[in-house]
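Working notes, structure below.
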Amino acid sequence: MIPSIITPELVESHGLTAEEYDRVRSILGREPNLTELGIFSAMWSEHCSYKSSKVHLATLPTKGPRVVQGPGENAGVLDIGDGLALVFKMESHNHPSFIEPYQGAATGVGGIIRDIFTMGARPIALFDSLRFGPLTDPKNRYLFGGVVAGIAGYGNAVGVPTVGGEVFFAEPYSANPLVNVMCVGIARKDRLFFARAGGIGNPVIYVGAKTGRDGIHGATMASESFDEESEQRRPTVQVGDPFREKLLIEACLELMEGDDLVAVQDMGAAGLTCSTAEMASRGGTGIEIDLALVPRREAGMTPYELMLSESQERMLVVARMGSERRVKEVFEKWDLDAVAIGRVTDDGLLRVLDHGKVVAETPATALADGAPVYRRPMVPPEERVDGHRLDLSTVPLPDDYSGTLLDLLRSPNIACKEAIWERYDHMLFLNTVVPPGSDAVVLRLPGGQRAIAVSTDGNGRYCSLNPYRGTVIAVAEAARNVVCAGGEPLAITNCLNFGSPERPTVMWQFAEAVRGIGDACRALQTPVTGGNVSLYNETSGNAIFPTPIIGMVGLLHDVAHATGQWFTTEGDLVAILGETLEELGASEYLAVRLGLVRGEPPSIDLARERAVQAACLGAIRRGIVHAAHDCSDGGLAVALAESCMGRAGSSIGVDVELGGTIRPDALLFGESQSRILLSLKESDWPMLQGIAASHDVPLQRLGRVGGTRFRLQGPTFVIDLPLADLEEAWRNGLASVLGR
């Protein structure tokens, strides 16, 4: 039964406050009908409108010499020279993946791919950044298995390789897993497309798969906190078809070779509602559509359902008048629907008809840009002061440093992630030069000797204790990883995952994180080209760690500079750029050994960070670096161990002696920032010294590569282990928890 009267209860069930509903009535000059209520509900949801985050996001640096398109479009675009553009974006699919992990993750992959090829780019690679509760819990293992299978199932079938990413496990994610997916693509700079409807009278054409009832109220659901009943909301999760998406990619890219298209938009969150309203608003026009013309796979669908369905693999295009036949021919060739369902108008309205009868009519800009903007109250959490208290005098030193290292290598947060990436077709097209498992993935660009490096990073544990510093570190580490791979960091996308913005402590965390992104990106000259905000990641009042994820892209002018983290050459020197301080706060060492999440995250000096990165990149470009590896989770001892354990049986030992006056556990396992481990020939040591000195960067010679043992010696400790013991701990740490 379709309600004919809009009641306060119906308004509340649509996620609108009484004040917001009054605003809707003021815009329309009357009461909305049910379809209009649903349209406003979706477009003014947190997921679509960013009404709690806009005031903070506006402070981010978004311009730079390479930025062609910043925030506000389907994806960011960079000019990478030679007539090419790099198109990239990151999105979340957190709530759907909690309710139905396989389809939630799979449709997240499909959605981010569409964001890339709507811009005229061919998607070339996917990256996933995942967060789960401890895998000792069967429910978390179920969520983990479903999400990884969904990413693999969709990405492998659609033919876009998943080549990198990261995963982290901690209790706050048990009821709220995070599934953030990034996609990069390559376009001709002179053949970019945007979602701006133009040309009065031009046809608005629906292309792709047919519409069903899946995903209705998906955007609204993604803007709510969860409770015990949330898993019953499976009908709000879309169902993906990667084979149809592959056809859609090829059809769109073929059509984009000509001059038939004016604008292209993915039907993502809020489906037809979002695509029509946003294209009209961006173009300063109106759009009129007739729902009777919409291809559908279910009978009896109402205008409300048709406008809010989030069925996958659908696009909306504005074609040039007279191009309808050409558009239809191309899509029919790829076995896809292409139906003109409306036209561009000059009245600024989104007008929805059903068999010629108006069923909804509202100003497009009111939907796309007219949501209220909130500057919500912000208060630091009370427990923050207590959480910062870490008296190292109360932290006992390990009795067994070798055993401690092995325990860290077994930790699912550090252990080899091959159990994940072996599911992904990461070598598709044979463009992957540096594969998963190193600091950043390197992908060869078409038609030359250049390449891109891509990394995703974030540390929710750091951000739970200091969201500003934790986010600065996330940006710095993402850039550092790109540098270690031989790339020059260019720009970032992001995915900002937080709890309910209606809680002042969460809004304080969010604002601090955004401030951290801004300061770090300005210092490292890596502008923000776009991203995603995912709020309400909490269940029954228990929020996730504040988790900003950074996707960093970089450029290699010569693919010969591509560098992995693995030691390869007997007799090479091992050295470290940067300085190790006595810092153990928020470390994986404290979490694994003592179960503590406490203290300040490591300090970071952005000027020193930039200098260390410049020195490393300079050395790589001079051709003297055989391996480069960022020191991060688990500290120097773990970084050395990871560099020893190469791919597919190519492991090699190391003999290192560490000096210093700081605590031995901080020396080994502390996570001081702005440090990069290097290997190089003995004869190139003077050149590295000169490069480090020119950037005023500390440089320390540590030891040599070689042998079959892992040996670290310091003033008061010795770690001396067969490589086989390290291999067993690191390679089986995650797999053993999964029961493999």
Side-chain angles (χ1 to χ4, degrees), residues 45-48 50 52-54 56-57 60 89-99 101 104-105 108 111-112 127-133 140 143-144 147 151 165-182 218-219 221-226 230 269 376 381 413 456-468 470-475 477-478 492-503 505-517 528 530-539 541-552:
S45 67
E46 194 71 60
H47 186 76
C48 290
Y50 287 16
S52 297
S53 58
K54 274 184 176 178
H56 303 287
L57 299 177
L60 294 175
K89 177 79 176 294
M90 182 182 287
E91 286 272 6
S92 65
H93 235 221
N94 302 335
H95 287 62
S97 299
F98 172 72
I99 294 171
I112 194 64
F127 302 79
D128 56 4
S129 181
L130 312 175
R131 299 293 183 272
F132 300 95
N140 292 330
L143 292 169
F144 172 84
V147 165
I151 292 170
E166 39 121 37
V167 64
F168 186 89
F169 304 91
E171 182 56 42
Y173 303 109
S174 284
N176 290 272
L178 302 183
V179 179
N180 294 180
V181 184
M182 178 178 174
M221 178 269 291
S223 306
E224 299 172 348
S225 298
F226 280 163
S230 294
R376 296 191 184 273
N413 290 334
T456 61
D457 281 286
N459 191 315
R461 187 164 59 220
Y462 283 2
C463 291
S464 71
L465 293 164
N466 188 325
Y468 172 80
T471 309
V472 169
I473 288 172
V475 175
E477 185 175 345
I492 76 161
T493 182
N494 60 63
C495 210
L496 308 181
N497 308 273
F498 290 79
S500 170
E502 297 166 39
R503 295 169 56 193
T505 54
V506 170
M507 277 313 302
W508 177 83
Q509 292 171 335
F510 182 87
E512 285 293 281
V514 172
R515 186 168 69 90
I517 291 174
V528 183
N532 174 241
V533 175
S534 175
L535 302 176
Y536 294 98
N537 290 290
E538 58 181 62
T539 296
N542 296 314
I544 60 166
F545 281 154
T547 311
I549 301 296
I550 305 300
M552 179 75 69

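Nothing fancy with the numbering, it's 1 onward along the sequence. Computed from heavy atoms alone, side chains included, the values below leave out hydrogens, waters and symmetry copies.
By the 4.5 Å heavy-atom criterion applied to side chains, E166 and R131 are counted as neighbours. A 4.5 Å side-chain heavy-atom check between S129 and M182 finds every atom pair outside the cut-off. Inter-residue side-chain proximity for N537 and T547 is flagged as unmet; no heavy-atom pair is nearer than 4.5 Å. Taking the side chain as every heavy atom from C-beta outward, V179 and D128 never approach each other to under 4.5 Å. Side-chain contact between I550 and I517: present, with at least one pair of heavy atoms (C-beta onward) separated by less than 4.5 Å.
Taking A513 as the reference, T471, F498, P548 meet the side chain to side chain contact (heavy atoms under 4.5 Å, CB included) condition, with sequence neighbours excluded. The salt bridge (Lys or Arg N to Asp or Glu O under 4.0 Å) check on E91 picks up K89, with sequence neighbours excluded. Residues satisfying the side chain to side chain donor-acceptor pair (under 3.5 Å) criterion with S174, sequence neighbours excluded, are N140, E171. Residues passing the salt bridge (Lys or Arg N to Asp or Glu O under 4.0 Å) test with R376, sequence neighbours excluded: none. Residues satisfying the side chain to side chain contact (heavy atoms under 4.5 Å, CB included) criterion with N459, sequence neighbours excluded, are R461, Y462, D633. Residues that satisfy the side chain to side chain donor-acceptor pair (under 3.5 Å) test with N180, not counting sequence neighbours, are N94, N497.
Pairing each heavy atom of F169 with each of G133, the nearest pair is CD2-O, 3.7 Å. The heavy-atom pair separating T493 from G531 by the smallest distance is OG1-CA, 3.6 Å. Across every non-hydrogen atom of V533 and S53, the tightest pair is CG2-OG, 3.8 Å. Between S52 and M507, the shortest heavy-atom contact is O-CE, 3.4 Å. The two residues P101 and F98 make their nearest non-hydrogen contact at CD-O, 4.4 Å. Of all non-hydrogen atoms in G165 and F127, the two that sit nearest each other are N-CD2, 4.3 Å.
With values rounded to the nearest 0.5 angstrom, S464 atom OG is found 8.0 Å from Q509 atom CD. To the nearest 0.5 angstrom, I112 atom CD1 is 8.5 Å from M90 atom CE. Here the SG-CG distance, from C463 to L496, works out to 10.0 Å after rounding to the nearest 0.5 Å. For the atom pair Y536 OH and H47 NE2, the distance stands at 13.5 Å (nearest 0.5 Å). Atoms OH and CZ, from Y173 and F132 in turn, are 11.5 Å apart once rounded to the nearest 0.5 Å. Distance check: L535 CG to H95 NE2 gives 9.0 Å after rounding to the nearest 0.5 Å.
With hydrogens and angles disregarded, a donor-acceptor distance shorter than 3.5 Å links the side chain of E538 to the backbone of S500. The backbone N or O of S92 lies less than 3.5 Å from a partner atom in the side chain of N532, making a donor-acceptor pair. When atom types are taken as modelled, the side chain of T456 and the backbone of G551 share no donor-acceptor pair closer than 3.5 angstrom. Y468 contributes no side-chain N or O that, together with a main-chain N or O of R515, makes up a donor-acceptor pair within less than 3.5 Å.
Taking the six-membered ring where the residue is Trp, F510 and H56 present perpendicular rings, their angle passing 60° and hence far from 30°.
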